[in-house]
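Worksheet for the structure shown next.
So that the names make sense, note that chain A is the first sequence line, chain B the second, and so on, each numbered from 1. All values reported here derive from a predicted model rather than from experimental measurement.
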Amino acid sequence: MPDRYDHYVIEPRWRRRWDADGIDRVRDDDERPPYYALTMFPYPSGELHTGHWYIIAPSDTAARFRRMQGYNVLFPIGFDAFGLPAENAAIERGVDPGEWTHGNIERMRQQLRLMGASFDWEREIVTCDPDYYRWTQWWFLKLYERGLAYRAGAAANWCPGCQTVLANEQVLDGLCERSDDPVERRFLTQWFFRITEYAEELLDFSGLDWPEPVTTMQRNWIGRSEGATLRFPVDVEGVDEPLSVFTTRPDTVYGATFMVLAPEHQLVERITTDEQREAVEGYVAATSRVTEIERLSTEREKTGVFTGAYAINPFNGARIPIWIADYVLVTYGTGAIMAVPAHDERDFAFARDHGLEVIPVFDHPEIDVDAPLEAAFTEGGAMINSGPFDGTPAGEAIPAVVAHAEAERAGTGAVTYRLRDWLISRQRYWGSPIPMIHCESCGVVPVPESELPVLLPENVHFEPTGQSPLTLIEEWVNVDCPSCGGAARRETDTLDTFMCSSWYQMRYVDPHNPERPFSAETARHWLPVDLYTGGAEHAVMHLLYTRFFWKAARDMEIVEGDEPMKRLFNQGDILGPDGNRMSKSRGNVVAPDDLVEQYGADAFRCQLMFIGPWDQGGPYNPSGMPGIVRWLNRLWSVATEPPPDPGDGAASREIVAATQRTVRDVTGDIEGFRFNTAIARLMELTTALARARESGGVDGATWDRSVETLILLTAPLAPHIAEELWERRDRPYSVHQQAWPEFDESLVVEETVQIVVQVNGKVRDRLSLPPDAGEDEARERALASERVQGWVEGKEPRRVIYVPSKLLNIVV
RNA sequence: GCCGAAGUGGCGGAAUUGGCAGACGCGACGGUCUCAAACACCGUUGGGCGUUAAGCCCGUGCCGGUUCGAGUCCGGCCUUCGGCACCA
């Protein structure tokens, strides 16, 4: 019976052994330095797919690598288990969301076990378990106490057919995905978190090792704008308060020729004249059917309607018309703008389409400002048409105008953020109940902490009543007011699932604590997270929410430090073999279980890591699997077959150097998540050893050290085969508890280096030189070469560029 | 549309700071071992010119620029992907 690599036998055997030994249990009192490696927890959709493997297997490799480097690594897993799909299953198939979710979790746990990932399963958390969401509710109360939670009106997608609120993904081209009814916007009173209070601090990423594109996206998302709010009196009887607008260009105020309100602006109804009412109401209704993305498109025609009302420019007394248009959003700034068509492209387009006046208030060296403008221009020289400000240079214009506005009480300098407060209310069943009670006499009253969790009731019916399903459960909704004891009703909205994932990394450090979300000591020991890996699709929302949560917790002295995740890495998306997102409808889904069955978890892990850089993702095609399998087989042979004939040991030196280069490169590659090149280097060393075994000349000690180094370097990537080979070489269990090999530079010193010789930038020859050769020596040797002479043709070099150990370029 | 990213052989990709384009692997072709085969082994493999060879020319999405030298830097496009606040 030939002794060959058989994943089918060795993988389950080692998983059972690791499990029995508790090799992945993490202790808080371990003396090694702590290292917290976190991978974004999955939603329990029902089946582990290739995408999960692509996210988790490399994370596991990174965690195992740190463990071998001497850290006590916390690498937990759990399930982000509340959310829409469970409720859809309930509506469509009548299954209970809780049962559906728990069934999925059980299945995915089994599948995850096959991966050979070094999770400490005793720390598993499931966000829909009352033991977890009790603390999610606790966080809500803390944020409420702190004044960071409040109620306000906000729009939701409303399907009149289903009588229900829809998620954005349930709206397709403005229609409900279930009933095809046109979706409307409906205003509801909902809960918000004041994330904007932290906007300024959230712009600061100093000290964070995060990918630059993510911080850029977050900065743009927060969208800080400096400018001013200006107050324009409204020329309508009964409207005494002025119309407040935010502008980044207060210096163009003399060029404001009309005002634009968002159609949802609260003043619209009060200022609209009788003649314009029908048009305005029609436009407001039409706007409720347009998505925000469409509204912000700069290509789209700028529609709008005149309200019939006028405002007074506080600077020059000009009486200017007030319009409504959907390119102004009620959620940004004050929901109203002063339009300066001469100096703003959107305002210009609007003015052109609706025949409104254009008054330039800056001159320009290349534009005739007395002629009708062809387009808006944003950079000008000095102010014109601006009364006392005429001649003020552009650089001084904004402070001058703001100072004047403040003196005249017509406005103030202001900073606005694009970031909006976080809407956390969901009109759904499958989420954590918001722990609040509405009492007629006391108003909104928090549920006392001692009464948490507010349990989600079971046996709920999902009927299209226009209410959240929780509203219908009288025995749950009706409750005594904690404050006065009178009859009161529970809040029937549930929490956004982003809230569950905003603090889960904190719960992992102390997951079974019944008294607190976690103890202060464990938090100090483990937090913040050292390495967070997950999809770039979370670059903005989840990662901003969790930063906000952390900062709020810090201000409440629950955690220490300013940031929750020190280092962040975003892996790319794995696609189907056709380059499209894997989906059942496309028929391009690759099922991991089948591949694991056929090739083993190690091979599948390695193939996923080998296909390309982790942050790039890309198409996954199992057709590349034979290359990985061949490598593992070759590794098996090298490690299990007898050593080569030592001969005179002449090849030892090169094997030592090759091994050391591999140590250096693989260490750097795993550190930088370049698993693809790490595996390429391991393949090269494996091949080099296999060839050396054939040709001989390697002494026994060198051979053993090289083979065992190769196994150690492979261990984080292919944990099962490494363990098996380590045991077969009679090394002490476990390979995963061994120290990572140290690179020794003195063993790789080269006697000569190859220098490329170019003539006019084209490679014409190569030279072998000592590494410390100087330019003169290199030049002399190069010019002596016949091939170089042929290209130089006796001409005198005009210039010679020498890069030591690399290249010599002769320019003639 | 806005914000962010990516385009290199038949395919996945490599080239970490501007310095030999195509490492490593798949596939293909040729061969070895074998009764036969394999997840075994060896070799060739960007395109063109060249009988072989030496060698030469072209070549990193497109157009232009900077440089002794550009896959890499700059400007302008094209295409694909992620996010856009109720999918998670």
May I ask you to say what [X] touches in the nucleic acid, namely base, sugar-phosphate or nothing, with a heavy-atom cut-off under 4.0 Å?
X        : value
A/Val214 : nothing
A/Ser637 : nothing
A/Arg418 : base
A/Phe498 : base
A/Asp573 : sugar-phosphate
A/Val629 : base
A/Met217 : base
A/Trp631 : nothing
A/His538 : base
A/Pro613 : sugar-phosphate
A/Val756 : base

How far, in whole Å, is [M] from [N] if one measures between their [atom1] atoms?
N     : M     : atom1 : value
B/U79 : B/G31 : C1'   : 43 Å
B/C73 : B/C41 : P     : 40 Å
B/G82 : B/G13 : P     : 16 Å
B/U44 : B/C26 : C1'   : 16 Å
B/U16 : B/G4  : P     : 25 Å
B/G18 : B/G65 : C1'   : 15 Å
B/C63 : B/C49 : C1'   : 28 Å

Candidate nucleotides [options], ranked by approach to the side chain of [X] - the nearest:
X        : options             : answer
A/Ile293 : B/C26, B/A5, B/C84  : B/C84
A/Ala156 : B/G82, B/G19, B/C86 : B/C86
A/Asn220 : B/C86, B/A40, B/G4  : B/G4
A/Tyr43  : B/A88, B/G13, B/C3  : B/A88
A/Glu537 : B/G83, B/C86, B/G27 : B/G83
A/Arg4   : B/A5, B/C86, B/C39  : B/C39
A/Ala167 : B/G43, B/G25, B/C86 : B/C86
A/Thr677 : B/C86, B/A23, B/C87 : B/A23
A/Asn676 : B/C39, B/C86, B/A14 : B/A14
A/Asn809 : B/C24, B/G82, B/G69 : B/G69

Are any of the side-chain nitrogens in [X] or [Y] under 4.0 Å away from the carboxylate oxygens of its partner?
X        : Y        : result
A/Glu92  : A/Arg178 : yes
A/Asp669 : A/Arg681 : no
A/Glu264 : A/Arg295 : yes

Watson-Crick or G-U wobble partner for [N], using a 3.5 Å limit on both distances?
N     : answer
B/A28 : B/U44
B/G71 : none
B/U52 : none
B/U66 : none
B/C86 : none
B/U79 : B/A6
B/G59 : none

Just to confirm, is there a sub-4.0 Å distance from OP1 or OP2 of [N] to any side-chain nitrogen or oxygen of [X]?
X        : N     : result
A/Trp791 : B/C56 : yes
A/Arg295 : B/C2  : no
A/Arg630 : B/C26 : yes
A/Arg799 : B/C68 : yes
A/Arg764 : B/C20 : no
A/Lys762 : B/G19 : no
A/Thr216 : B/G4  : no
A/Gln170 : B/C86 : no
A/Arg581 : B/G82 : yes

Do A/His538 side-chain atoms and A/Asn570 backbone N/O form a donor-acceptor pair below 3.5 Å? no
Ignoring hydrogens and angles, tell me if any N or O in the side chain of A/Asp602 forms a donor-acceptor pair with the backbone of A/Ile721 under 3.5 Å. yes
Compute the ring centroids of [X] and [Y], then answer whether they are less than 6.0 Å apart.
X        : Y        : result
A/Phe610 : A/Phe675 : no
A/Phe548 : A/Tyr198 : yes
A/Trp422 : A/Tyr545 : yes
A/Trp614 : A/Phe569 : yes

For the pair made of [atom1] in [X] and [atom2] in [N], what is the distance, rounded to whole Å?
X        : N     : atom1 : atom2 : answer
A/Met40  : B/C87 : CE    : C1'   : 15 Å
A/Gln598 : B/A38 : CD    : P     : 15 Å
A/Leu568 : B/A5  : CG    : P     : 15 Å
A/Leu419 : B/C3  : CG    : P     : 18 Å

Contact nearer the 5' end of RNA chain B, comparing A/Leu807 with A/Ser623: A/Leu807
More 5' along RNA chain B: A/Arg798 or A/Arg420, using each one's nearest nucleotide? A/Arg798
For [N], does the base pair up with any side-chain atom of [X] as donor and acceptor (N or O, under 3.5 Å, distance only)?
X        : N     : answer
A/Glu169 : B/C86 : no
A/Gln758 : B/G19 : yes
A/Gln190 : B/C86 : yes

Mind checking whether A/Trp53 and A/Pro58 have side chains closer than 4.5 Å, heavy atoms only? no
Could you check if the base of B/G61 is syn or anti? Syn means the glycosidic torsion is within 90 degrees of 0. anti
